[in-house]
> 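Take this structure, written in structure tokens, and hold onto it; I'll ask about it next.
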Amino acid sequence: MGSPTPPRPVDPRAHMEQLRRAEHARRRRTRALLAAGAAALVLTLGVGGALLANATDSGGGDRAPAARDGAALEDSGDGKNPGEAPHPAHPGEAHPGEATNPGEAAPGGTAAPGEAAKPRPPAGVRSWDASKLGRDHVSGKVSYPMTPPVGGNHHDRWMTCDGIVYERPVRDENAVHSLEHGAVWVTYSKKARKADIAALANKVGRTPYTLMSPYDGQRDPLTLTAWGKQLSVGSGKDPDVDRFLAAYVQGPQTPEKGATCSGGLTR
């Protein structure tokens with residue numbers, strides 16, 4: 001028998017290269033496994049999220065459209081009048097407690113249950129602090145700081161205000177009591193045109209909680225007054241007349257809302 005062949009010596013450099021290749025292969029396999037695991041996790045989360053979204057939509061699908069509809073109604077009902085200029089102010093003239101609001105916000109806040117919200121009032125309404133308007137019953141004459149008066153102490157009898165058109169002036173103290181009940185008082189001076197007086201009389205005659213009378217001491221020909229609110233208009237057919245009536249007849253400014261306008265004085 002011949003002698004055995006001795007083992008070949010290992011080249012250290014070749015061995016190190018072999019180890020490096022093995023390590024590179026291991027790292028490639030590890031990266032591949034990690035990538036596959038991450039992809040599986042993303043897929044699992046995506047499927048789970050889709051199932052949860054479908055379940056949510058099926059359970060609340062009836063509510064989402066209603067919320068969208070409510071938002072649309074709120075956005076479209078702001079009552080603004082684009083391009084409409086406010087009524088001209090009167091330079092150099094002021095009334096105690098008066099605050100002019102060219103773009104006055106809608107009166108009141110949330111409507112009471114079962115009660116429709118009042119529309120936005122017209123631009124140019126002059127307002128007074130209601131907390132500074134007295135509400136005591138007095139028997140004598142009251143000196144009001146504005147004409148016509150928008151509120152304050154008054155007599156214990158009100159003027160009947162169920163759409164009544166008075167041909168003669170009425171006492172301030174009785175008309176103010178009508179304002180306290182939620183009426184709108186329409187007044188006109190000698191400068192008012194007959195056509196405007198007739199147009200306003202027609203509106204008042206068809207509107208509960210209103211009264212109308214001549215008033216010579218007022219600064220403008222045509223004026224509309226509610227408790228703490230006042231507006232001058234340019235004509236009897238001014239659209240602001242309807243806006244003022246809609247906003248303030250029994251409006252949120254009314255101190256004694258629901259009080260009657262019948263059974264008062266008629267002269």
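Only heavy atoms go into these numbers, but all of them, side chains included; no hydrogens, no water, no symmetry mates. Keep in mind that what you see is a predicted model, and the values were worked out from it rather than measured.
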> Does a side-chain heavy-atom distance below 4.5 Å link Glu173 with Pro149?
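Not touching, per the 4.5 Å side-chain cut-off.
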> Salt bridge (Lys or Arg N to Asp or Glu O under 4.0 Å): which pairs involve residues 174-189, sequence neighbours left out?
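Passing the test, one end in residues 174-189: Arg135-Glu180.
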> Could you report the tightest heavy-atom contact between Ser232 and Asp220, atom names first, then the distance?
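That would be OG-OD2, 2.6 Å.
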> Quick one: which residue pairs count as a side-chain hydrogen bond (donor to acceptor under 3.5 Å, both in side chains) with a foot in residues 159-168, not counting sequence neighbours?
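Listed by first then second residue: Asp162-Ser262.
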> Run the side-chain hydrogen bond (donor to acceptor under 3.5 Å, both in side chains) test against Thr254 and tell me which residues pass, sequence neighbours left out.
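side-chain hydrogen bond (donor to acceptor under 3.5 Å, both in side chains) check on Thr254 returns nothing, list empty.
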> Of all heavy-atom pairs between Met146 and Trp128, which one has the smallest distance, and what is that distance?
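Taking Met146 first and Trp128 second, the nearest heavy atoms are CE-NE1, 3.5 Å.
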> Leu231 and Pro122: which non-hydrogen atoms are nearest, and at how many Å?
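Taking every non-hydrogen atom into account, CD2-CG, 3.6 Å.
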> By ring pair (Phe, Tyr, Trp, His ring centres under 6.0 Å), which residues pair with Trp158, not counting sequence neighbours?
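Expected list: His177, His181.
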> Just to verify, what does Arg193 make a salt bridge (Lys or Arg N to Asp or Glu O under 4.0 Å) with, not counting sequence neighbours?
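Residues passing salt bridge (Lys or Arg N to Asp or Glu O under 4.0 Å) with Arg193: Asp196.
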> Please name all residues satisfying side chain to side chain contact (heavy atoms under 4.5 Å, CB included) with Pro169, sequence neighbours left out, ordered by chain then number.
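Side chain to side chain contact (heavy atoms under 4.5 Å, CB included) check on Pro169 returns Pro214.
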> Are His155 and Val138 side-chain neighbours, meaning at least one heavy-atom pair lies under 4.5 Å?
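Yes. Closest side-chain heavy atoms under 4.5 Å.
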> In chain order, what residues pass the side chain to side chain contact (heavy atoms under 4.5 Å, CB included) check against Lys194, with sequence neighbours excluded?
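For Lys194 there are no side chain to side chain contact (heavy atoms under 4.5 Å, CB included) partners, ignoring immediate neighbours.
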> Kindly write out the residues that satisfy side-chain hydrogen bond (donor to acceptor under 3.5 Å, both in side chains) with Thr225, not counting sequence neighbours, or none if the list is empty.
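Partners of Thr225 by the side-chain hydrogen bond (donor to acceptor under 3.5 Å, both in side chains) criterion, ordered by chain and then number, come out as Gln230.
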> Quick check, are the ring centers of His137 and His154 under 6.0 angstrom apart?
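Yes, the ring of His137 comes within the 6.0 Å limit of the ring of His154, centre to centre.
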> Is there side-chain contact between Val184 and Phe244, with at least one heavy-atom pair below 4.5 Å?
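Counting from C-beta outward, Val184 and Phe244 do come under 4.5 Å.
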> Would a distance-only check, ignoring hydrogens and angles, find a side-chain to backbone donor-acceptor pair under 3.5 Å from Asn153 to Asp136?
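Present.
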> What residues, two or more places apart in sequence or in another chain, satisfy ring pair (Phe, Tyr, Trp, His ring centres under 6.0 Å) together with Tyr209?
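For Tyr209 there are no ring pair (Phe, Tyr, Trp, His ring centres under 6.0 Å) partners, ignoring immediate neighbours.
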> Salt bridge (Lys or Arg N to Asp or Glu O under 4.0 Å): which pairs involve residues 201-211, sequence neighbours left out?
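Qualifying pairs, neighbours excluded: Lys203-Asp242.
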> Taking all atoms of both residues into account, what is the closest heavy-atom pair of Gly263 and Arg157, and its distance?
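Heavy atoms of Gly263 and Arg157 come nearest at O-NH2, 3.6 Å.
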> Going by the rule ring pair (Phe, Tyr, Trp, His ring centres under 6.0 Å), which residues pair with Tyr144 if we only count those two or more places apart in sequence or in a different chain?
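So Tyr144 forms no ring pair (Phe, Tyr, Trp, His ring centres under 6.0 Å) with any residue.
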> Val241 and Gly236: which non-hydrogen atoms are nearest, and at how many Å?
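So the minimum-distance heavy-atom pair works out to CG2-O, 4.2 Å.
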> Is a side-chain N or O of Ser178 found less than 3.5 angstrom from the main chain of Ala183, in a donor-acceptor match?
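No; zero donor-acceptor contacts below 3.5 Å.
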> Sequence neighbours left out, what passes side chain to side chain contact (heavy atoms under 4.5 Å, CB included) with Ala246? Give chain and number order.
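If we apply the side chain to side chain contact (heavy atoms under 4.5 Å, CB included) test to Ala246, skipping adjacent residues, the hits are Pro119.
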> So do Asp172 and Val142 actually touch side chain to side chain, heavy atoms under 4.5 Å?
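Sidechains of Asp172 and Val142: no contact.
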> Give me the atom names and distance for the closest heavy-atom approach of Leu222 to Ala192.
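In this case the closest contact between Leu222 and Ala192 is CD2-CB, 3.7 Å.
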